[in-house]
Novice: 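Structure in structure tokens, see below.
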Amino acid sequence: MTHAFYVYGAYGFAALIAAAVTLWTWADGRARRKELAALEASGIRRRSSRTTDGK
């Protein structure tokens, strides 16, 4: 067994974890956008989108 096996294995594992986190973040973002669109379609609005009179 060589050091190269260990190094390449570590890089491969790190790349796998980075790809998994990236995909998870992307999928969660899509889910949150769909959820927000459903809430806005049902009439629920964001607090940040209040009118100027505060309502």
Side-chain angles (χ1 to χ4, degrees):
M1 193 177 281
T2 65
H3 293 313
F5 177 76
Y6 173 79
V7 171
Y8 292 140
Y11 275 119
F13 183 71
L16 179 68
I17 296 299
V21 168
T22 300
L23 288 173
W24 180 20
T25 303
W26 175 77
D28 188 56
R30 284 189 58 173
R32 295 309 128 233
R33 281 192 296 274
K34 284 182 181 179
E35 186 178 316
L36 183 59
L39 288 171
E40 288 181 346
S42 69
I44 298 173
R45 299 285 179 228
R46 299 184 209 184
R47 283 184 275 182
S48 61
S49 67
R50 289 184 180 165
T51 59
T52 56
D53 63 357
K55 293 183 181 180

Novice: Using the side-chain contact (heavy atoms from CB on, under 4.5 Å) criterion, which residues pair with Ala4? Sequence neighbours excluded.
Specialist: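 If we apply the side-chain contact (heavy atoms from CB on, under 4.5 Å) test to Ala4, skipping adjacent residues, the hits are Thr2, Tyr8.
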Novice: Please list, chain by chain and in numerical order, all residues satisfying side-chain hydrogen bond (donor to acceptor under 3.5 Å, both in side chains) with Arg32, sequence neighbours excluded.
Specialist: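 Arg32 satisfies side-chain hydrogen bond (donor to acceptor under 3.5 Å, both in side chains) with Asp28, Glu35 once adjacent residues are dropped.
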Novice: Could you tabulate the donor-acceptor pairs under 3.5 Å formed by side-chain atoms of residues 14-25, not counting sequence neighbours?
Specialist:
{"from": "Thr22", "atom 1": "OG1", "to": "Ala18", "atom 2": "O", "distance (Å)": "2.8"}
{"from": "Thr25", "atom 1": "OG1", "to": "Val21", "atom 2": "O", "distance (Å)": "2.8"}

Novice: Do any pairs count as a salt bridge (Lys or Arg N to Asp or Glu O under 4.0 Å) and have a residue in residues 12-23, sequence neighbours left out, and if so which ones?
Specialist: none
Novice: Does any pair with a residue in residues 4-20 pass salt bridge (Lys or Arg N to Asp or Glu O under 4.0 Å), and if so which ones, sequence neighbours excluded?
Specialist: none
Novice: Can you list the residues that meet the side-chain contact (heavy atoms from CB on, under 4.5 Å) rule with Arg30, with sequence neighbours excluded?
Specialist: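 Listed in chain order: Trp26, Arg33, Lys34.
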